[in-house]
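Order of the sequence lines fixes the chain letters, A, B, ..., with proteins taken first and strands second; residue numbering starts at 1 for each chain.
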Number of protein chains: 2
Amino acid sequence: MSTPQHVEADLGWALGRVTRAHLRTAELVVAGLPGGPRGYQVLVEAARGGPGNQLALAQKLGVDRTVMTYLLDELERAELVRRQPDPADRRARQIVITEVGRERLCELERKLRGAEEELLRPLEPAERVTLRALLARLATDAGGPSDACQVAEELKRC
Amino acid sequence: MSTPQHVEADLGWALGRVTRAHLRTAELVVAGLPGGPRGYQVLVEAARGGPGNQLALAQKLGVDRTVMTYLLDELERAELVRRQPDPADRRARQIVITEVGRERLCELERKLRGAEEELLRPLEPAERVTLRALLARLATDAGGPSDACQVAEELKRC
DNA sequence: TATTGTTATACTCTATAACTATA
DNA sequence: TATAGTTATAGAGTATAACAATA
């Protein structure tokens with residue numbers, strides 16, 4: 001057998017495999033989107049209307065501000081978001097989602113929910129609820145930037 | 001508040017945060033090791049004595065065989081593993097762990113277990129057991145290469 | 001003087017292709 | 001002819017530095 005003897009003890013191994021399995025399907029879902037998974041995160045934040053300008057957005061997603069420039073270039077070209085001058089600070093640009101972007105986001109979230117269900121299929125309904133709750137508690141306690149994309153970055157160098 | 005309203009529903013978000021939190025500490029642990037997290041995986045496989053040659057090792061870890069060459073160069077320079085000619089096939093090299101490598105691995109695994117405990121601290125003991133078990137079941141069902149490092153790669157482009 | 005955003009450049013990591021030696 | 005391993009090279013992706021506009 002190829003799985004280690006201490007499967008249940010090796011939390012990192014299990015976390016990695018489950019997260020990667022989820023990422024595989026999630027990346028398929030956002031494959032056509034400019035910027036991929038990262039572009040999706042921008043749409044989420046823009047739709048939420050939270051951190052207005054590029055710098056705050058970059059920090060929230062845990063990427064460099066120069067990366068955010070290129071990312072927004074792509075998303076704006078696809079008419080999914082717009083850079084709007086901030087009337088209160090003429091250096092800054094507010095990132096707002098377009099109508100097209102909102103529709104695209106809605107469709108993506110529907111598909112992503114489907115992917116989650118697929119991932120949890122091996123578990124009983126009650127177990128799925130338990131797992132979601134336990135992970136959510138750990139997640140809210142964990143520090144650092146609040147986007148999921150950076151995990152991929154760090155997992156890469158495993 | 002900065003956390004979304006639908007925290008419990010967003011499995012991907014929670015998985016990403018928890019995995020990244022784990023990766024942060026795990027990468028600190030293996031920081032001094034040549035190849036970082038990936039070097040650790042090689043040590044694990046070499047200690048287990050499983051896939052002998054470089055190609056099998058690369059496939060198991062989900063990396064290109066050229067990457068494995070550079071990785072083993074570093075690990076061999078640090079005297080943690082050795083390339084041994086395979087008597088059965090003179091093209092192939094068997095990767096064996098050294099005594100130093102075994103000691104280093106032992107120390108790393110001890111520290112990694114500590115990091116896992118730290119991650120699970122917010123949960124009750126019974127809950128920790130439950131989470132480990134549920135994740136292990138999902139992990140064994142999930143397909144793909146069996147190393148955790150690739151998750152980091154994919155999470156990066158979120 | 002500090003900050004937002006952009007651009008150009010350098011660096012890191014990975015994959016592709018070509019090569020040697022074995023099979 | 002195909003395979004294990006190495007090397008050189010090219011390609012993505014990211015960060016660093018310099019810049020313009022504004023605070």
Side-chain angles (χ1 to χ4, degrees), chain A residues 20 23 27 30-31 33-39 41-42 46 51-77 81-96 145 147 149-158, chain B residues 23 27 30-31 33-39 41-42 45-46 51-77 81-96 145 147 149-158:
Chain A
R20 187 167 42 172
L23 281 171
E27 288 191 334
V30 300
L33 189 73
R38 199 162 273 168
Q41 301 259 17
V42 170
N53 67 356
Q54 297 186 197
L55 187 59
L57 202 53
Q59 286 167 344
K60 178 124 190 172
L61 264 62
V63 303
D64 196 88
R65 59 179 185 169
T66 62
V67 173
M68 184 55 67
T69 296
Y70 304 132
L71 184 51
L72 290 173
D73 285 348
E74 289 184 82
L75 290 169
E76 201 171 29
R77 208 176 302 127
V81 301
R82 265 182 309 124
R83 286 171 164 105
Q84 239 174 24
D86 182 346
D89 183 346
R90 285 194 296 174
R91 293 173 304 181
R93 314 291 187 85
Q94 288 179 333
I95 305 306
V96 296
D147 92 301
C149 303
Q150 256 200 333
V151 195
E153 288 299 310
E154 297 172 8
L155 268 164
K156 287 206 170 192
R157 292 174 304 182
C158 281
Chain B
L23 281 171
E27 288 191 334
V30 300
L33 189 75
R38 200 162 273 168
Q41 302 258 15
V42 170
E45 293 301 329
N53 66 358
Q54 297 185 194
L55 188 59
L57 201 53
Q59 287 167 344
K60 177 123 190 172
L61 265 61
V63 303
D64 195 87
R65 60 181 184 169
T66 63
V67 173
M68 185 56 65
T69 296
Y70 305 131
L71 185 52
L72 290 173
D73 286 348
E74 289 183 82
L75 290 169
E76 200 170 31
R77 209 175 302 129
V81 302
R82 264 183 309 126
R83 285 172 164 105
Q84 239 175 23
D86 182 345
D89 184 344
R90 285 193 296 175
R91 293 171 303 180
R93 313 290 186 88
Q94 288 177 333
I95 305 307
V96 296
D147 91 303
C149 302
Q150 258 200 331
V151 195
E153 288 300 310
E154 297 171 9
L155 268 164
K156 287 205 172 191
R157 292 173 305 179
C158 284

**Q.** Minimum heavy-atom distance between B:Met68 and B:Val63, given as atom pair plus value
**A.** CE-CG2, 3.9 Å

Q: Compare side-chain N and O positions of B:Arg90 against OP1 and OP2 of C:dA23 and report whether any pair is under 4.0 Å apart.
A: yes

[X] [atom1] to [N] [atom2]: how many Å, rounded?
| X | N | atom1 | atom2 | value |
| --- | --- | --- | --- | --- |
| B:Asp64 | C:dA18 | CG | P | 15 Å |
| A:Leu71 | D:dA12 | CG | C1' | 15 Å |
| A:Arg38 | D:dG13 | CZ | P | 10 Å |
| A:Glu74 | D:dA12 | CD | C1' | 13 Å |

Q: Let me have a per-nucleotide readout for nucleotides 4-11 of chain C, 5' to 3', with B, S or -, counting only protein heavy atoms under 4.0 Å.
A: BBBBB---

Starting at [atom1] of [X], measure out to [atom2] of [Y] and round the result to the nearest 0.5 Å.
| X | Y | atom1 | atom2 | result |
| --- | --- | --- | --- | --- |
| B:Gln59 | B:Asp64 | CD | CG | 10.0 Å |
| A:Asn53 | A:Arg91 | CG | CZ | 9.5 Å |
| B:Arg65 | B:Leu57 | CZ | CG | 14.5 Å |
| A:Leu72 | A:Ile95 | CG | CD1 | 4.5 Å |

**Q.** Result of checking B:Arg93, B:Arg83, B:Gln94 against B:Gln54 for side chain to side chain donor-acceptor pair (under 3.5 Å)
**A.** B:Arg83

